[in-house]
Amino acid sequence: MNIEVKTSQETELIDITQRVKEIVRDAGAKDGLCVIYTPHTTTGIIVNENEARLREDILSALDKAVPKGAGYQHDQIDHNAHSHLRAILLGPSVTIPIENGNLALGTWQSIFLVELDGPRKRSVHVSVHALQRI
Amino acid sequence: MNIEVKTSQETELIDITQRVKEIVRDAGAKDGLCVIYTPHTTTGIIVNENEARLREDILSALDKAVPKGAGYQHDQIDHNAHSHLRAILLGPSVTIPIENGNLALGTWQSIFLVELDGPRKRSVHVSVHALQRI
Amino acid sequence: MNIEVKTSQETELIDITQRVKEIVRDAGAKDGLCVIYTPHTTTGIIVNENEARLREDILSALDKAVPKGAGYQHDQIDHNAHSHLRAILLGPSVTIPIENGNLALGTWQSIFLVELDGPRKRSVHVSVHALQRI
């Protein structure tokens, strides 16, 4: 299943937890794995707390760790080297166990698509695999 | 299966390799996947060498990359924005293939829970999935 | 299956996309998961665009984020603390869904082994798991 997201900012955290939970619930898997995978090269998938000020801190930390336009070679072709580099820092996927029909998300964990070169239309793959957990 | 860990420091590397190996061995899976997943928002899971000085370097590098109390917005609510940001850098899970009954860990690889806001009680999910590897 | 790689530089991006695709194709899995896992402690696996200038930017960003020889404790034993620290930033594995017999890689995504302490012989595990996707 794909989750379609329309981002509205240059950098932005999109909470997709509820949509992932619905896909897992509809799949009806009791035990298994859920892989959330982004096919884009200027987005990332992260899991952390959805708190408004922390969301700002995350975007600021990325700005500071990999500043925009800091003399990158790739910017001569496309002005988004910083977006690619931030995506590499975050990674394109997260794998979460499914236990008794539910994602093993902790109390404070939410799943985010991180837009790093928006606004754009994005599509996130969510694949649910029913497995015998031992 | 869950691995319960009681951390004793504010930041700390806990080697959980042996406990993960025992879970994989007890599961009896010949081929499959092992997912190590932390449900906390201020811890990470990493795989690297367990060498005392390198462990110190890892914690120092995290301190330097994301300093504590560096004007984060979230610190107005809870003084641990740095812990969340470091957790996002490391990620909440690692997926390791199981081949012939053993984790495909390299000679120098150990699995660590990284405590980033301790001391606390932590619980790490280890799920073993027996699969037909092709 | 293992992909054997002989790196020729101290730090280097090796595009292994084609070889991973061949393993997935030969496995014949319609739906499933592909785990690309490096058993080394001074390499990483990343997914991003294979563009020559961006490849340089990635290596430069790693040099800058974790400089070589910056007073690390582990360097007293082995002069490669920076290689380990960079490997931890990138992570040892990526999990990619297989859909209709193909990796769910996006148009611009390539899979790279990142050499961080070469030149060396490296071996990357690629495990394909045929699963019923729901």
Side-chain angles (χ1 to χ4, degrees), chain A residues 1-2 23-30 32-45 64-67 69-78 80-96 98 101 116-117 122-132, chain C residues 13 17 29-37 44-66 85-100 102-112 114 127-134:
Chain A
M1 297 290 293
N2 283 5
I23 290 171
V24 170
R25 191 197 57 207
D26 292 351
K30 190 166 180 298
L33 293 176
C34 178
V35 177
I36 299 108
Y37 182 82
T38 173
H40 308 288
T41 54
T42 54
T43 62
I45 304 288
K64 198 176 159 196
V66 186
Y72 307 112
Q73 297 297 309
H74 181 69
D75 282 351
Q76 296 172 25
I77 297 170
D78 207 353
N80 66 354
H82 62 288
S83 312
H84 289 279
L85 296 170
R86 293 173 189 182
I88 291 166
L89 263 189
L90 300 180
S93 77
V94 174
T95 301
I96 307 176
I98 298 168
L116 298 163
D117 192 28
R122 303 296 198 173
S123 184
V124 178
H125 295 247
V126 180
S127 70
V128 177
H129 303 270
L131 300 172
Q132 185 179 13
Chain C
L13 294 182
T17 315
K30 190 167 179 298
D31 287 312
L33 293 176
C34 179
V35 177
I36 299 109
Y37 182 81
I45 303 288
I46 65 169
V47 171
N48 213 275
E49 186 177 350
N50 187 353
E51 191 279 309
R53 299 184 192 193
L54 182 61
R55 291 202 309 270
E56 287 180 40
D57 290 331
I58 294 168
L59 297 176
S60 299
L62 288 167
D63 276 350
K64 198 176 159 195
V66 186
L85 296 171
R86 293 172 189 182
I88 291 167
L89 264 189
L90 300 181
S93 76
V94 175
T95 301
I96 305 176
I98 299 168
E99 300 174 355
N100 296 316
N102 295 308
L103 285 173
L105 281 179
T107 312
W108 302 103
Q109 286 184 323
S110 293
I111 308 164
F112 296 96
V114 188
S127 71
V128 177
H129 303 270
L131 301 172
Q132 186 179 12
R133 206 156 44 90
I134 302 176

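In what follows, chains carry the letters A, B, and so on, assigned in the order in which the sequence lines appear, proteins first and then strands, with residues in each chain numbered from 1. Every heavy atom of this structure was used, including side-chain atoms; hydrogens, water molecules and symmetry mates were not.
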Best-contacting candidate, C:V47, C:T95, C:T107, against chain A by heavy atom pairs under 4.5 angstrom = C:T95

query = Tell me, side chain or backbone of C:E51 under 4.5 Å from chain A's heavy atoms, or both, or neither?
reply = side chain

request  = Sort A:Y72 into side chain, backbone, both or neither according to what part of it lies under 4.5 angstrom from a heavy atom of chain C.
outcome  = both

remark   = Applying a strict 4.5 Å limit to non-hydrogen atoms, the region of A:L90 in contact with chain C is neither

query = Given side chains that start at C-beta, do those of C:D63 and C:R86 come closer than 4.5 Å, heavy atoms only?
reply = yes

inquiry  = At a 4.5 Å cut-off on heavy atoms, which part of A:S123 comes close to chain C: side chain, backbone, both, or neither?
reply    = neither

ask   = Have A:S127 and A:H125 got a donor and an acceptor in their side chains that come within less than 3.5 Å?
value = no

message = Under 4.5 Å from any heavy atom of chain C, what part of A:H84 do you find: side chain, backbone, both or neither?
response = both

remark   = One should read off an interatomic distance between C:N48 CG and A:I88 CD1, to the nearest 0.5 angstrom, of 4.0 Å

Part of A:L89 within contact of chain C (heavy atom distance under 4.5 Å) = both

ask   = Which bit of C:A104 comes within less than 4.5 Å of chain A, counting heavy atoms only: side chain, backbone, both or neither?
value = both

note = Tested for side chain to side chain contact (heavy atoms under 4.5 Å, CB included) against C:L103, the lone hit among C:T17, C:V128, C:I36, C:I96 is C:I96

ask   = Checking C:Q109 against chain A: side chain, backbone, both or neither under 4.5 Å from a heavy atom?
value = both

task = With a 4.5 angstrom heavy-atom cut-off, could you sort out which part of C:L105 is near chain A: side chain, backbone, both or neither?
result = both

query = Is there a side-chain contact between C:W108 and A:T42 (heavy atoms, below 4.5 Å)?
reply = no

query = Out of curiosity, A:S83 OG to A:H74 NE2, how far, rounded to the nearest 0.5 Å?
reply = 8.5 Å

inquiry  = How long is the straight-line distance from CG of C:L33 back to CG of A:L33, given to the nearest 0.5 Å?
reply    = 6.5 Å

